[in-house]
Amino acid sequence: SECMRCILCIKDGEWMNRHDDVRETEEDLIRKAKEAEREKEAFKNPYPTELILGIWSMYPNCFYVAEIDGKVVGYILGTMEWGNGHIVSLAVKKEYRGLGIGTALLKTLEDYYFNIANCNYIVLEVRVSNITARKFYYRMGYRDRKLLPKYYEDEEDAILMIKKRANAKGPLIITLW
């Protein structure tokens, strides 16, 4: 079967959204997900491909892939919970970091959450030791909300970070998996 997916590609030196005309088979998506998963050098315990595909099947508008010349160089994966966006994973291949790929991926998903899904908040968890990622999220407007002791399988703590839509109303409800 054919599936729609969203990608970001470089056009005239700018990251552009391209999704309406992109159709791939499920096998292509599985291959791209596996390729993306292998590129997550930054993560100690990467998510299984089956989990990524499961989340994508439930939240297809929350999965974006960045490609350069047909090669996956990064992706972002999210869910929707209690009316909030939840960023599950953001990864950019090491040799492509610092080029704006992570920013383009994050802004694209934020745009979906805030402007299409009308979320009031976006939440994510990040390892306490991942200073680079934390600084990136701070620059993007995220703030620390809570320390999550022993959140990861290796018992490292996480920081729950949030970003609030400018005109957000209502409580922030969070469930952790």
Side-chain angles (χ1 to χ4, degrees), residues 6 8 32-66 72-114 117-166 168-177:
C6 297
L8 299 170
K32 294 284 187 185
K34 286 181 179 177
E35 185 177 340
E37 190 61 30
R38 282 194 303 271
E39 300 305 339
K40 292 171 54 175
E41 306 102 332
F43 298 115
K44 293 179 183 178
N45 298 305
Y47 292 114
T49 301
E50 296 77 21
L51 178 62
I52 291 175
L53 289 171
I55 293 172
W56 172 80
S57 69
M58 291 186 293
Y59 305 98
N61 294 321
C62 301
F63 183 31
Y64 297 89
V65 176
V72 173
V73 296
Y75 76 97
I76 191 167
L77 177 65
T79 64
M80 300 274 298
E81 299 164 2
W82 297 97
N84 300 313
H86 183 181
I87 297 171
V88 174
S89 182
L90 169 59
V92 175
K93 194 172 180 183
K94 283 185 181 179
E95 60 264 33
Y96 292 93
R97 293 179 187 164
L99 301 176
I101 297 168
T103 300
L105 288 166
L106 185 59
K107 284 183 176 180
T108 300
L109 185 54
E110 287 178 345
D111 180 63
Y112 172 77
Y113 282 145
F114 287 145
N118 294 313
C119 294
N120 284 321
Y121 300 93
I122 301 172
V123 300
L124 61 89
E125 301 84 22
V126 63
R127 286 179 179 272
V128 169
S129 65
N130 194 343
I131 304 300
T132 302
R134 290 172 53 199
K135 287 181 179 179
F136 168 73
Y137 289 121
Y138 294 141
R139 282 194 312 272
M140 298 300 292
Y142 289 78
R143 299 293 169 247
D144 294 347
R145 177 65 178 229
K146 182 178 181 180
L147 181 69
L148 305 172
K150 299 181 182 179
Y151 180 80
Y152 293 101
E153 285 182 17
D154 63 0
E155 297 193 354
E156 183 175 348
D157 297 345
I159 297 175
L160 177 69
M161 301 184 82
I162 64 164
K163 184 172 185 175
K164 182 179 178 181
R165 184 171 64 180
K169 295 180 180 155
L172 171 61
I173 300 172
I174 301 171
T175 57
L176 300 175
W177 24 326

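Position 1 is the first residue of the sequence, and the numbers go up from there.
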Does the [X] side chain pair with the main chain of [Y], one donor and one acceptor, at a distance under 3.5 Å?
| X | Y | answer |
| --- | --- | --- |
| Tyr121 | Ile162 | no |
| Tyr64 | Asn61 | yes |
| Glu156 | Ser129 | yes |

With rounding to the nearest 0.5 Å, note down the distance linking [atom1] in [X] to [atom2] in [Y].
| X | Y | atom1 | atom2 | value |
| --- | --- | --- | --- | --- |
| Arg143 | Leu160 | CZ | CG | 14.0 Å |
| Thr79 | Phe63 | OG1 | CZ | 13.5 Å |
| Cys119 | His86 | SG | NE2 | 12.0 Å |

Compare all side-chain heavy atoms of [X] with those of [Y] and state whether any distance is below 4.5 angstrom.
| X | Y | result |
| --- | --- | --- |
| Arg134 | Ile159 | yes |
| Ser89 | Tyr75 | yes |
| Ile76 | Thr108 | no |
| Tyr138 | Asp144 | yes |
| Arg97 | Ile101 | no |
| Leu90 | Tyr137 | yes |
| Asp111 | Leu109 | no |
| Arg127 | Asp154 | yes |

Going by side chain to side chain donor-acceptor pair (under 3.5 Å), name the residues that satisfy it together with [X], two or more places apart in sequence or in a different chain.
| X | result |
| --- | --- |
| Tyr96 | none |
| Arg165 | Asn120, Asn167 |
| Asp157 | none |

With side-chain contact (heavy atoms from CB on, under 4.5 Å) as the criterion, how do Val92 and Leu99 come out once you've worked through the C-alpha distance, each side chain's angles and the decisive distance to 0.1 Å? CA-CA 10 Å; Val92 175; Leu99 301 176; over 6 Å; no
Listed partners of Thr103 passing side chain to side chain contact (heavy atoms under 4.5 Å, CB included), at least two apart: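 For Thr103, the residues satisfying side chain to side chain contact (heavy atoms under 4.5 Å, CB included) (neighbours in sequence not counted) are Lys107, Phe136, Met140.
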According to side chain to side chain contact (heavy atoms under 4.5 Å, CB included), who are the partners of Ala158, at least two apart in sequence or on a separate chain?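 Partners of Ala158 by the side chain to side chain contact (heavy atoms under 4.5 Å, CB included) criterion, ordered by chain and then number, come out as Glu125, Leu148, Tyr151, Tyr152.
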Kindly give the heavy-atom pair with the smallest separation between [X] and [Y], and that separation in Å.
| X | Y | result |
| --- | --- | --- |
| Tyr112 | Met80 | CE2-SD, 4.5 Å |
| Glu110 | Tyr142 | OE2-OH, 2.7 Å |
| Ile131 | Val128 | CD1-O, 3.7 Å |

Applying ring-ring contact (aromatic ring centres under 6.0 Å, His included), can you list everything that pairs with Tyr113, at least two apart in sequence or on another chain?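 Partners of Tyr113 under the ring-ring contact (aromatic ring centres under 6.0 Å, His included) test: none.
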